[in-house]
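The first residue of the sequence shown is numbered 1, and numbering continues consecutively from there.
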Amino acid sequence: MEIILYSIMFLIAAVGNIPVFVTLLVKLHRYSRVNLMIMHLAIADLIVTFVMIPYQIARRITVQWVGNNVTCKAILFLSTFVPYLSSSVLVSICMDRYFAILHPLKVNDAQRRCWLLLGQ
């Protein structure tokens, strides 16, 4: 049952995030803070979709670990890092919108704050 649910989640996440990512890549010339943050969120969600969900499916199918030590460490790192990445991008979007409503005329400061929030 878990394998079926993870597979459904994989399909829904892929169908939902790939068009968003492709659309933002095509409209790269329409650069805005919101588009940049949504692109980062789509990237984080695609990492979850194409790395973590297949790992969970494989873990449910096999009983023992079949990868090497490096793969194990990479998966453990990603399973900790990716949820924090997604959450921090969501917090960055919320903070950007908060400051956009609170200080709408500070556009130059907003651009710098966006890059600072995303850690670029």
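Criterion: ILVMFWY side-chain heavy atoms under 4.5 Å apart, direct or through other members. Under it, F81 and Y84 are not part of a common hydrophobic cluster. Note on F10 and I3: same hydrophobic cluster, where clusters join Ile, Leu, Val, Met, Phe, Trp and Tyr whose side-chain heavy atoms are under 4.5 Å apart, directly or indirectly. Note on L102: it clusters hydrophobically with M95, by side-chain heavy-atom contacts below 4.5 Å among ILVMFWY residues. Under the 4.5 Å side-chain heavy-atom criterion for ILVMFWY residues, no single connected hydrophobic cluster contains both V48 and V15. Residues L90 and Y98 are members of one and the same hydrophobic cluster, defined by side-chain heavy-atom contacts under 4.5 angstrom among Ile, Leu, Val, Met, Phe, Trp and Tyr.
For the pair M37 and D96, the tightest heavy-atom approach, listed with the atom from each and the gap, is CE-CB, 3.6 Å. Between S86 and L41, the shortest heavy-atom contact is O-CD1, 4.0 Å. Minimum heavy-atom separation, P19 to A14: CD-O, 3.9 Å. Of all the heavy atoms in V20 and A42, the pair that sits closest is CG1-CB, 4.2 Å. Nearest heavy atoms, I18 versus F50: CD1-CZ, 3.7 Å.
Legend: residues meeting salt bridge (charged side-chain N to carboxylate O under 4.0 Å, His left out) with R60, ordered by chain and number and at least two apart, are E2. Residues meeting the side-chain contact (heavy atoms from CB on, under 4.5 Å) test with I43, sequence neighbours left out: F21, M39, I47.
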Assess whether side-chain contact (heavy atoms from CB on, under 4.5 Å) is satisfied between F77 and V82, documenting all intermediate values. CA-CA 8 Å; F77 170 76; V82 172; over 6 Å; no
Residues K73, N69; criterion side-chain contact (heavy atoms from CB on, under 4.5 Å); working and verdict: CA-CA 6 Å; K73 290 181 188 274; N69 192 28; 3.5 Å; yes
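Under the 3.5 Å distance criterion, the side-chain polar atoms of T71 are left unmatched by any main-chain donor or acceptor of G67.
Note that the CE atom of M9 and the CD1 atom of I53 stand 4.5 Å from one another [nearest 0.5 Å]. Expressed to the nearest 0.5 Å, how far OG1 of T23 lies from CD1 of I38 amounts to 11.0 Å. Note: N35 CG to L24 CG = 5.5 Å, rounded to the nearest 0.5 Å. Atom OG1 of T80 is separated from atom CG of L85 by 12.5 Å, given to the nearest 0.5 angstrom. Taken to the nearest 0.5 Å, the CD1 atom of I12 stands 11.0 Å off from the OG atom of S7.
For the side-chain contact (heavy atoms from CB on, under 4.5 Å) test with C72, the passing option among V70, L76, I75, N68 is L76; the others fail.
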